[in-house]
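Following: one structure in structure tokens, then a few remarks.
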Amino acid sequence: MELIAQLKKDAVAVVNKLYNQQVDATIIKIDKTPPEFTGELTLVIFPFVKISKKNPEVTANEIGEALMAVNSTIAGFNVVKGFLNISFTDVYWSGVLQHIHNTKNYGILAATGKKVVLEYCGPNTNKPLHLGHVRNVLLGYAAANILAAAGHEVHKVNILNDRGIAICKSMVAYERNGNGSTPASTGIKGDHFVGNYYIEFAKIHEAEMAALIAAGKTKEEAEKNTPIYLAAQEMLRKWEAGDAAVLDLWNTMNSWVYEGFGVTYQKIGIDFEKEYKESEFYLHGKKMVQEGLTQGAFFKKEDGSIWVDLTSDGLDQKVLLRADGTSMYITQDMGVAEARYGDFKMDTSVYVVANEQDYHFKVLKLVLQKLGRPYGDGIYHLSYGMVDLPEGKMKSREGTVVDADDLMSEMTEEAKSFLAASEKSTAFNETEKQVLAEQIGLSALKYFILKVDPKKRILFNPKESIDLQGHTGPFIQYSYARIQSIFRKLAENGLNEFRLNGTDLLPAEKSLIVNIYQYPGVIQSAADNYSPAEVANYIYNLAKQFNSFYAEHSITKAESADKQHLRAIIAGQTAYILKHGLMLLGIQSPERM
RNA sequence: GGCCUCGUAGCUCAGUGGAUAGAGCAUCUGCCUUCUAAGCAGAGGGUCGCAGGUUCGAAUCUUGCCGAGGUCACCA
């Protein structure tokens with residue numbers, strides 16, 4: 001990065017001197033030189049032709065000559081149309097490599113002192129996690145890692161939507177048809193067990209609706225008046241009233257769900273520093289609404305409901321508390337945000353939530369700002385596109401929901417059969433094969449999702465399994481594993497330490513160093529943009545570039561000892577970045593595969 | 001209808017003011033007595049949704065239109 005900054009400075013000085021001007025750095029445009037041209041950095045000349053009053057080629061040559069005179073790290077330049085392609089010396093790039101080689105934790109940026117709380121996952125406690133949650137948690141976990149690598153102090157938290165009508169539906173169905181069975185007695189994972197009763201509820205509800213419609217009710221009337229729906233509403237009222245038996249069942253069923261979630265979290269490889277339960281904070285949210293009313297930030301309508309007027313912010317009026325005093329969805333988020341600030345005093349609150357809630361988070365931020373909360377300005381909604389199936393949205397009623405646990409198992413099986421079909425299958429014992437298949441299968445799944453820009457929707461076709469070759473996680477893992485194999489071979493010959501001696505670089509060696517040099521900048525940009533996809537695409541390109549190098553140039557049988565050391569260092573740094581980058585994405589790097 | 005997001009190769013995606021728009025999958029052709037072929041090298045495949053505007057220069061910024069999705073609930 002300092003390379004570009006220096007070149008920019010030099011360019012400003014040179015242009016001002018050559019053409020007797022006072023230009024500022026904003027008109028300097030420097031890009032990475034595309035691979036089909038010689039050079040590492042390119043200065044775009046077009047902005048200067050008005051000043052120089054000469055054609056682009058002449059201007060470029062003048063500036064190129066002048067730059068060489070002031071900057072001794074520039075080895076040469078070439079001019080193509082309006083572009084000045086600049087090459088730096090092999091000595092310079094060798095020095096860069098040496099510096100990186102000496103840097104502990106290369107890619108980790110200096111501490112910023114900024115505290116970030118990142119909320120992700122946010123499951124409802126009435127059913128297991130599905131593909132949508134998978135994107136959420138992969139994105140959240142990776143974003144948290146990247147923000148931490150960029151120097152922030154990051155705290156990962158979960159929000160459990162543990163109350164409300166949904167869990168009551170599962171509870172009612174369980175009371176009717178559960179017959180005292182438990183996850184333990186049935187051998188069913190807790191979250192799936194409770195989810196089954198949610199499905200059970202839907203079935204009963206549908207049957208009862210049909211009966212009501214047959215008895216002459218409209219669909220809308222029937223929807224709200226089936227005996228089981230009324231029972232769920234009654235259950236919710238009792239819950240809010242603190243009915244002991246209802247609370248007991250609620251606690252029991254939620255504990256089953258949490259146990260199941262824990263297994264899924266572990267399998268997918270995510271964690272939380274703290275979990276907030278909606279049930280514990282929604283009451284505080286109500287107090288905040290009352291406070292806002294007293295302050296005059298909110299207003300009360302005749303029926304007693306409390307509203308916020310956001311029309312001056314380009315939004316509408318929004319109800320915060322119903323006339324009967326019961327809370328809204330937004331109330332819990334207010335309460336949780338307050339509690340969280342008490343816990344962490346964070347500068348930024350990142351909420352990883354799908355883009356269907358864009359409006360909600362605009363409102364939340366404005367409401368907290370109107371309440372004068374110090375954490376209001378720091379609210380950031382990391383909004384991501386939904387995961388769609390070829391038929392459109394996932395619908396539990398149509399059984400098209402892709403279950404998170406099933407999906408992970410399927411990918412593991414996929415990797416397992418790929419391995420079984422390979423001749424290197426014999427190199428691993430059964431336990432190793434199982435571990436490897438999980439690492440590779442999960443890698444394929446995670447990379448498939450993370451390589452896509454978060455804000456774009458993802459199309460997932462369950463019929464076409466996720467690839468294990470090409471632009472995939474396993475490709476990057478494989479590139480890493482092959483480099484490790486090189487180091488095992490070198491170690492067999494007693495070579496464990498490497499140092500740079502000669503400084504001559506082949507173009508392929510130089511361009512790998514240039515690419516390695518980009519890594520901290522990639523982390524910075526990925527953190528600024530909350531985009532793990534930037535890291536994912538960068539490490540893919542690095543792996544691809546290295547694989548190409550690998551096919552052309554041997555390391556164990558390099559032309560000279562100096563070349564062997566140089567390439568070992570390049571390979572070592574490449575492997576380090578691949579592993580580190582994968583780690584940021586929540587993907588493991590097997591040493592052999 | 002208002003607002004928001006997206007539209008790039010047959011498919012899945014990169015590319016947010018610079019050069020002849022790039023990868024992967026799929027199709028086709030080569031490469032394993034040489035560090036792991038989950039790899040490498042190459043071929044074909046494009047009106048960057050459409051039309052205007054700004055600019056020396058537009059996939060990128062802007063306006064309009066078309067298409068897809070989301071949202072505008074006293075649901076969460």
Side-chain angles (χ1 to χ4, degrees), chain A residues 29 31 33-37 42 44-47 49-50 56 80-83 85 122 124 161 163-166 278 301 303-307 314-316 318-324 326-330 332-333 354-360 362 383 385-386 388 392-393 415 418-419 421-424 427 440 443-444 448 451-453 455-461 464 466-479 481-490 492 533-534 536-538 540-541 543-544 547-558 564 567-568 571 592-593:
Chain A
K29 172 76 184 163
D31 290 326
T33 305
E36 60 269 32
F37 302 102
T42 294
V44 183
I45 295 301
F46 297 109
V49 296
K50 267 186 208 156
V80 181
K81 297 190 226 171
F83 300 93
N85 300 319
N124 290 333
N161 301 298
R163 64 174 200 109
I165 193 73
E278 174 191 342
K301 288 202 175 172
D303 66 357
S305 57
I306 300 177
W307 294 67
L315 305 182
D316 295 318
K318 178 87 185 168
V319 65
L320 300 176
L321 214 55
R322 295 187 185 95
D324 65 5
T326 56
S327 70
M328 303 285 301
Y329 175 56
I330 194 166
Q332 62 149 322
D333 271 338
N355 62 14
E356 61 186 346
Q357 293 194 35
D358 286 355
Y359 188 83
H360 169 75
K362 278 185 194 164
S383 168
M386 316 264 271
D388 289 323
K393 255 184 142 167
F418 186 95
L419 184 59
S422 155
E423 65 267 18
K424 55 191 162 193
I440 294 171
S443 154
F448 175 81
K451 75 173 177 182
V452 182
D453 181 344
K455 68 174 184 257
K456 294 195 178 173
R457 62 188 271 261
I458 285 182
L459 189 75
F460 178 78
N461 189 343
E464 297 168 12
I466 296 170
D467 285 324
L468 301 172
Q469 295 173 40
H471 188 182
T472 66
F475 173 94
I476 300 166
Q477 290 177 312
Y478 179 70
S479 309
R482 284 208 305 195
I483 296 173
Q484 296 318 298
S485 176
I486 295 171
F487 283 106
R488 284 192 294 272
K489 277 267 157 46
L490 290 170
E492 282 171 18
E534 292 185 20
N537 286 303
Y538 166 80
Y540 169 71
N541 282 316
K544 195 171 154 53
N547 285 340
S548 180
F549 180 83
Y550 175 98
E552 283 297 312
H553 306 284
S554 179
I555 294 171
T556 56
K557 294 184 178 126
Q564 184 167 68
R567 288 177 191 166
R592 293 191 302 147
M593 66 185 277

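This is a predicted model, so every value here is computed, not measured. Quick note on labels: first sequence line is chain A, next is B, and so on, each numbered from 1.
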**Prompt:** With under 30° as parallel and over 60° as perpendicular, where do the rings of Phe46(A) and Phe83(A) fit, or are they tilted in between?
**Reply:** perpendicular
**Asked** Would one find a side-chain N or O of Lys424(A) under 4.0 angstrom from OP1 or OP2 of rA38(B)?
**Response** yes
**Prompt:** Which atom names give the shortest non-hydrogen contact between Ala415(A) and Leu468(A), and what distance separates them?
**Reply:** CA-CD1, 4.0 Å
**No-hydrogen, no-angle side-chain donor-acceptor test under 3.5 Å, Asn547(A) and Arg482(A)** = yes
**Message:** Say we look at rC48(B) and rA26(B): how far apart would their P atoms be, to the nearest angstrom?
**Reply:** 27 Å
**Message:** Under 4.0 Å, counting only non-hydrogen atoms across every strand here, what does Ser305(A) touch: a base, just sugar-phosphate, or nothing?
**Reply:** base
**Request:** Rounded off to whole Å, could you give me the OH-to-P distance for the Tyr540(A) and rG24(B) pair?
**Result:** 5 Å
**Distance, C1' atom - from rA76(B) to rG39(B), rounded to whole angstrom** = 48 Å
**Message:** Pairing donors with acceptors under 3.5 angstrom, does anything connect the side chains of Asp358(A) and Ser383(A)?
**Reply:** yes
**Prompt:** Should Ser383(A) be listed as having a side-chain N or O under 4.0 Å from OP1 or OP2 of rU5(B)?
**Reply:** no
**Message:** Need one value for Val452(A): base, sugar-phosphate or nothing, where a base atom within 4.0 Å counts as base even if backbone is also close, heavy atoms only.
**Reply:** sugar-phosphate
**Message:** Quick check on RNA chain B: between Asp316(A) and Thr472(A), whose nearest nucleotide comes earlier from the 5' end?
**Reply:** Thr472(A)
**Request:** Determine the contact category for Met386(A): base if any of its heavy atoms lies under 4.0 Å from a base atom, sugar-phosphate if only primed atoms, P, OP1 or OP2 are that close, otherwise nothing.
**Result:** nothing
**Prompt:** Which is true for Asn85(A) with a 4.0 Å heavy-atom rule: it touches a base, it touches only sugar-phosphate, or it touches nothing?
**Reply:** base
**Request:** Have a look at Ala533(A) and say if it touches a base, only the backbone sugar-phosphate, or nothing, with a 4.0 Å heavy-atom cut-off.
**Result:** nothing
**Item:** Whole-Å C1' distance, rU5(B) and rG46(B)
**Value:** 25 Å
**Message:** Measuring only the P atom in each nucleotide, how far is rG7(B) from rC11(B)? A whole number of Å is fine.
**Reply:** 15 Å
**Message:** In whole Å, I'd like the distance from the OH atom of Tyr359(A) to the P atom of rC4(B).
**Reply:** 13 Å
**Request:** Check whether the aromatic ring of Phe37(A) stacks on the base of rA19(B), taking stacking as ring centres less than 5.5 Å apart and planes within 30° of each other.
**Result:** yes
**Asked** When the P atoms of rA51(B) and rU8(B) are considered, how many whole Å apart are they?
**Response** 16 Å
**Message:** At 4.0 Å (heavy atoms only), tell me whether Leu320(A) reaches a base, stays on the sugar-phosphate, or touches nothing.
**Reply:** nothing
**Asked** Just wondering, do Phe83(A) and rA19(B) stack (centres under 5.5 Å, planes under 30°)?
**Response** yes
**Message:** Say we look at rU12(B) and rA73(B): how far apart would their C1' atoms be, to the nearest angstrom?
**Reply:** 36 Å
**Prompt:** P atom, rA21(B) versus rC65(B): distance in rounded Å?
**Reply:** 31 Å
**Message:** Using a heavy-atom cut-off of 4.0 Å across all strands, would you classify Asp467(A) as base, sugar-phosphate, or nothing?
**Reply:** sugar-phosphate
**Request:** Pick base, sugar-phosphate or nothing for Thr42(A), based on heavy-atom distances below 4.0 Å to the nucleic acid.
**Result:** base
**Complete:** Any strand, both distances under 3.5 Å, Watson-Crick or G-U wobble: rA68(B) pairs with rU5(B)
**P atoms of rU47(B) and rA59(B), separation to the nearest Å** = 14 Å
**Message:** Should Phe475(A) be counted as stacked on rA38(B), where stacking needs a ring-centre gap under 5.5 Å and an angle between planes under 30 degrees?
**Reply:** no
**Message:** If the glycosidic angle sits within 90 degrees of zero it is syn, else anti. Tell me which applies to rC32(B).
**Reply:** syn
**Message:** I want to confirm an ordering. Mapping Lys393(A) and Ser485(A) to their closest nucleotides on RNA chain B, which one lands closer to the 5' end?
**Reply:** Ser485(A)
**Item:** Lys544(A) vs rG24(B): side-chain N/O to OP1/OP2 distance below 4.0 Å
**Value:** yes
